[in-house]
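Everything on this sheet refers to the single structure shown next.
Both ligands and their constituent atoms are indexed starting at 1 by order of listing. A quick note: this is a predicted structure, and the numbers were derived from the prediction, not measured. Here, residue 1 is the first one in the sequence, and each next residue gets the next number.
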Amino acid sequence: MQTDETKTVGAMTPQDSSQALAQARVIQSIEPFVNEHLGTLLKPVGESWQPTDWLPDLAAEGWQEQLHDFRARARDLPDELLVVLVGDMVTEEALPSYQTSLNRFRGVGDPTGASDSPWARWSRGWTAEENRHGDLLNRYLYLSGRVDMRAIETTIHHLISNGFDPHTANDPYCGFVYTSFQERATKISHRNVGDLAKRAGEERLHHICDQIAADEARHERAYKLFMGQVFERDPSGAVLAFAQMMKTKIAMPALLMEDGKRAGLFARFSRVAQKVGVYTATDYASIIGALVAEWKIGGLKGLSGAAADEQEFLCGLSARYQKLAERVKFNGPETFSWIYDREIQLASVAPAF
Ligand SMILES: [Fe+2]
Ligand SMILES: [Fe+2]
């Protein structure tokens, strides 16, 4: 039988464990914090950039010149840059999977789809901001004329259809560890693609990637703050969730992408991203270190026995990954349908995680 408490806390069911119920109570207690900070963690719509701001205006007089200029600047982008840009765009375009994940975290969801609760407003506001990322990169690539859009669209179709499992098991603590990690990872990736564009002389793409990276940075801050609130209220539970996610390893959102032509698309994309320094094993190690520092894991006191063990594990983890990143190497060319089956030569590089 459902108790009054389970009815009111995060739509819990009688099957949910007492630990899950306690977690849902913590998540509910953070709502006033979310409410208070929503105005700075999300940007008002009227002050937000939109994809059109960065693209040729096809309704303007002289649109042909604008488009001609746009394509001329994109003409010399190297294949490696195109591949990492496409991979990042495909990742962004699978947003339906990520909103679904967010709404599955117990207590964080949007029960009606238009709920006024702080968590629901965060979930929809975050999704609305993220939605511009895929739109902008997709239109940039389409207008550039440099890539096989049908192969890319097929990849997106497969990815959304295949889905995405962040291995958070609907646990909101694990969910916020995951999102803190992943927003930082995407920030790094977009920023590095922007740097490559700058080096290739494509200032517009540089600015586009920087704008997106700035959004990711704000979202990273938000999720770190949310998880920081969890650490204040339930430090042992928070440490255990952080350790659990690190042992499971952070699954990349585009893990299940495929183009219907050649196997191992995500692994091939990751190797190119590693090679060009867009997202590397060293980045993975550094993100762990940054989160350990953010949540001041080393200084947490009064932890349960199990959490104290994981505290030690977490504090040494970034260095362990760093060593691993330096050791393992691989070689070989990679081929992508996205760029009309042209081959990219890989020098000896370490694997991305
Ligand atoms: Fe994004
Ligand atoms: Fe993001």
Side-chain angles (χ1 to χ4, degrees), residues 34 37-38 40-43 45 48-55 84-105 108 110 119 121-141 152 155-156 159-160 164-166 168 172 174-197 205-227 245 250-257 266 269-270 273 278-279 283-284 287 290-291 294:
V34 178
H37 291 86
L38 218 50
T40 52
L41 297 175
L42 293 170
K43 261 201 168 173
V45 178
S48 296
W49 60 264
Q50 297 299 340
T52 302
D53 301 340
W54 301 96
L55 296 167
V84 288
L85 185 60
V86 169
D88 281 0
M89 180 269 257
V90 166
T91 305
E92 295 285 354
E93 289 285 48
L95 182 60
S97 304
Y98 317 141
Q99 187 180 28
T100 303
S101 277
L102 185 57
N103 286 339
R104 267 200 318 266
F105 299 160
V108 182
D110 183 358
W119 286 122
R121 282 186 285 130
W122 165 259
S123 169
R124 293 195 304 273
W126 173 84
T127 303
E129 290 194 348
E130 287 285 344
N131 187 54
R132 300 167 306 150
H133 301 173
D135 277 1
L136 176 53
L137 296 179
N138 194 321
R139 283 176 212 164
Y140 178 93
L141 284 161
I152 294 167
T155 306
I156 295 167
L159 177 58
I160 297 176
F164 165 60
D165 179 1
T168 52
C174 291
F176 289 146
V177 170
Y178 181 87
T179 48
S180 298
F181 192 108
Q182 198 51 46
E183 294 286 1
R184 191 176 179 91
T186 48
K187 174 188 76 180
I188 290 170
S189 179
H190 286 303
R191 195 158 282 162
N192 286 334
V193 173
D195 285 349
L196 288 179
L205 182 57
H206 173 224
H207 286 302
I208 285 174
C209 293
D210 265 8
Q211 286 295 314
I212 296 174
D215 277 2
E216 309 294 13
R218 191 159 35 75
H219 296 165
E220 175 199 347
R221 205 175 116 242
Y223 285 118
K224 286 192 310 197
L225 283 173
F226 298 159
M227 193 60 197
M245 288 310 295
I250 296 295
M252 292 297 135
L255 186 66
L256 300 180
M257 70 179 171
F266 180 77
F269 158 66
S270 297
V278 158
Y279 184 69
D283 290 323
Y284 192 97
I287 295 172
L291 294 180
E294 168 76 24

Notebook entry, point to check: Quick one: are the ring centres of F181 and Y223 less than 6.0 Å apart?
Noted result: no
Note to self: Does any part of the side chain of E130, heavy atoms only, come nearer than 4.5 Å to the side chain of D215, both counted from C-beta?
What the structure shows: no
Notebook entry, point to check: Would you call D135 and R139 a salt bridge, using N to O less than 4.0 angstrom?
Noted result: yes
Next item on the list: Would you please name every residue forming a side-chain contact (heavy atoms from CB on, under 4.5 Å) with L41, sequence neighbours left out?
Entry: H37, W122, R221, A222, L225, F226
Margin query: Taking 2.8 Å as the distance threshold, tell me the number of protein N/O/S atoms next to the Fe ion (ligand 2).
Written below: 3
Check: Taking 4.0 angstrom as the limit, do K187 and E183 come out as a salt bridge?
Finding: no
Margin query: We want to know whether Q211 and H190 form a side-chain donor-acceptor pair, criterion being a heavy-atom distance below 3.5 angstrom.
Written below: no
